[in-house]
Student: 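Sharing a structure below in structure tokens format, with a few things to ask.
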Amino acid sequence: MDRKLTGRLKRLLLVIGIVVGGGALVWWTLPLLYPFLLGWLLAYMLNPLVHLFQRKARLPRWLAVTVVLLIFTAAMITLLTTLVMRLAEELMNAAGSMDDFVDWIERSYNDFIARPEIHNLIERIDHFYNENPNYQDMINNRISDAAKAVAKAGTNLISAFLMGIVGFISSLPAIAIITVVVLLASFFISKDWNKYVQRGKAWFPPALRGRVGNVWKDLRQALFGYLRSQFIMISITTVVVMIGLFVIGVHNAVSIALFIGFVDLLPYLGVGAAMIPWFAYEFLAGEWELGTSLSILYGIVLVARQFIEPKVLASSVGLEALPTLMAMFVGLKLFGVFGLIIGPVTVVFLTACHRAGVFRDIAKYIQYGSR
């Protein structure tokens, strides 16, 4: 009995050591190897198109890879250039409209102060202030502290925004270098794809090869199905919102639609997290026409999602809302904005391992050992 317990404990410690060591190895090497992982992912995604050029155009492998990468790079540059120019134009328009917004706040404040009940309230406060001189210093200190806090918060916000712009501009050379490395890695990996596949198979013994293949098959279906479904739904939401905002006549429609599409990543909250407060504010501000138009647009987006989402998710492995939200929150805390993607992808990976029986095999190994 003691030998069995000792053997199980040793095997458990061995499994824990392998998992911890593998996680530490990935954590330390990922900052150094991620361009090559991105290159492999790009090569994997472009492989069907490369095979198509090989079969239909009868091109050699290296030339097919070159043509596909050139087409992909040109398409991405065109798309990003158009998007950046449009966003820059809309940001300039938004900066110009800030004066109108400030004027609206000033008019609203003056109208609010001009009300008779506000005048009576101010007179009562002034009377209390004069009748209780002992409270003057305390009130003045509280007002001064509040003003300093507001000024500090505004300064920090502006500084963070400016530092973000400076950081992005200063990182452009590094981004360019990484992009070149990713494209070159993708070229070499895709050019010798079959050779690397055979080498990868040789790393695993025949008994383990089938299990790894099952995990990869399930993971590929779950991961790419999840990413594909999310991309399709976000794209549909962004396009529908953009068209609706153009029809309504809202300025900066492109940037607003992109922001709402990003917010659509949140499970169950989605578009409503951005549009409900927006049209509620318009109703409170007295902009009934705009508020009604936005609420109708929100309804159209919901109806479109109800019709399209089941068909999109039918061929993919989705996640439940609560685990997805938890994974996104943990990922956000650990990895920042990219954690919104890393968290759900990790859950998909663990789910695929569970479906392939990896955890069951580990439990059997710990309990009985290798047979």
Side-chain angles (χ1 to χ4, degrees), residues 30 32-86 172-204 209-210 212-239 242 258 261 308 311-318 338 341-342 344-345 348-349 352 356:
L30 190 60
L32 302 175
L33 299 179
Y34 75 91
F36 304 97
L37 294 177
L38 292 177
W40 171 84
L41 181 61
L42 180 60
Y44 180 80
M45 294 173 60
L46 297 180
N47 251 344
L49 191 57
V50 173
H51 293 323
L52 180 64
F53 271 82
Q54 278 189 287
R55 292 196 309 267
K56 299 298 183 180
R58 299 186 180 277
L59 298 178
R61 179 78 184 185
W62 68 270
L63 185 56
V65 172
T66 303
V67 172
V68 171
L69 282 177
L70 288 176
I71 294 174
F72 173 79
T73 304
M76 289 297 102
I77 291 176
T78 303
L79 179 62
L80 290 176
T81 302
T82 304
L83 185 61
V84 168
M85 292 178 63
R86 182 66 184 183
L172 287 179
I175 293 175
I177 294 174
I178 293 172
T179 302
V180 172
V181 172
V182 169
L183 291 176
L184 290 176
S186 178
F187 171 79
F188 290 115
I189 292 173
S190 183
K191 182 175 70 70
D192 298 323
W193 180 265
N194 296 326
K195 181 175 68 175
Y196 289 128
V197 169
Q198 295 301 322
R199 288 182 180 177
K201 290 181 179 180
W203 291 347
F204 301 99
R209 195 176 301 165
V212 173
N214 292 333
V215 172
W216 170 244
K217 180 180 178 181
D218 204 12
L219 177 62
R220 181 178 57 188
Q221 180 183 358
L223 179 58
F224 285 96
Y226 171 76
L227 294 177
R228 180 185 60 195
S229 63
Q230 293 299 317
F231 176 76
I232 292 175
M233 294 309 304
I234 291 173
S235 300
I236 292 174
T237 300
T238 303
V239 171
M242 189 182 303
L258 290 175
I308 298 173
K311 297 180 181 179
V312 172
L313 298 180
S315 60
S316 62
V317 180
F338 290 103
I341 299 176
I342 296 175
V345 167
V348 169
F349 173 74

Student: In sequence, state the C-alpha distance, the side-chain angles, and the governing distance for Phe36 and Val181, and then conclude on side-chain contact (heavy atoms from CB on, under 4.5 Å).
Tutor: CA-CA 8 Å; Phe36 304 97; Val181 172; 4.2 Å; yes
Student: Hey, could you give me the CG/OG1 distance between Leu258 and Thr238, rounded to the nearest 0.5 Å?
Tutor: 6.0 Å
Student: Quick check: do Leu41 and Leu37 have side-chain heavy atoms less than 4.5 Å from each other?
Tutor: no
Student: side-chain hydrogen bond (donor to acceptor under 3.5 Å, both in side chains) with Thr237: which residues, sequence neighbours excluded?
Tutor: Asp264, Arg305
Student: Would you call Tyr34 and Leu38 a side-chain contact if the rule is heavy atoms closer than 4.5 Å?
Tutor: yes
Student: Enumerate donor-acceptor pairs with a distance under 3.5 Å from any side-chain N or O in residues 52-61 to protein atoms, sequence neighbours excluded.
Tutor:
| from | atom 1 | to | atom 2 | distance (Å) |
| --- | --- | --- | --- | --- |
| Gln54 | OE1 | Arg61 | NH1 | 3.0 |
| Arg61 | NE | Ser190 | O | 2.9 |
| Arg61 | NH1 | His51 | ND1 | 3.1 |
| Arg61 | NH2 | Asn47 | OD1 | 2.7 |
| Arg61 | NH2 | Ser190 | O | 2.9 |

Student: Is the shortest heavy-atom distance from the side chain of Tyr44 to the side chain of Trp193 under 4.5 Å?
Tutor: yes
Student: Could you pull out all residues at least two apart from Thr66 that satisfy side chain to side chain contact (heavy atoms under 4.5 Å, CB included)?
Tutor: Trp62, Leu70, Phe187
Student: Taking all non-hydrogen atoms of both residues, which atom of Val50 and which atom of Val65 are closest, and how far apart?
Tutor: CG1-CG2, 3.8 Å
Student: Looking at Val182, is its backbone amide N or carbonyl O close enough to the side chain of Ser186 to form a donor-acceptor pair, meaning the two atoms are under 3.5 Å apart?
Tutor: no
Student: Would a 4.5 Å heavy-atom cut-off, applied to side chains only, mark Leu42 and Phe72 as touching?
Tutor: yes
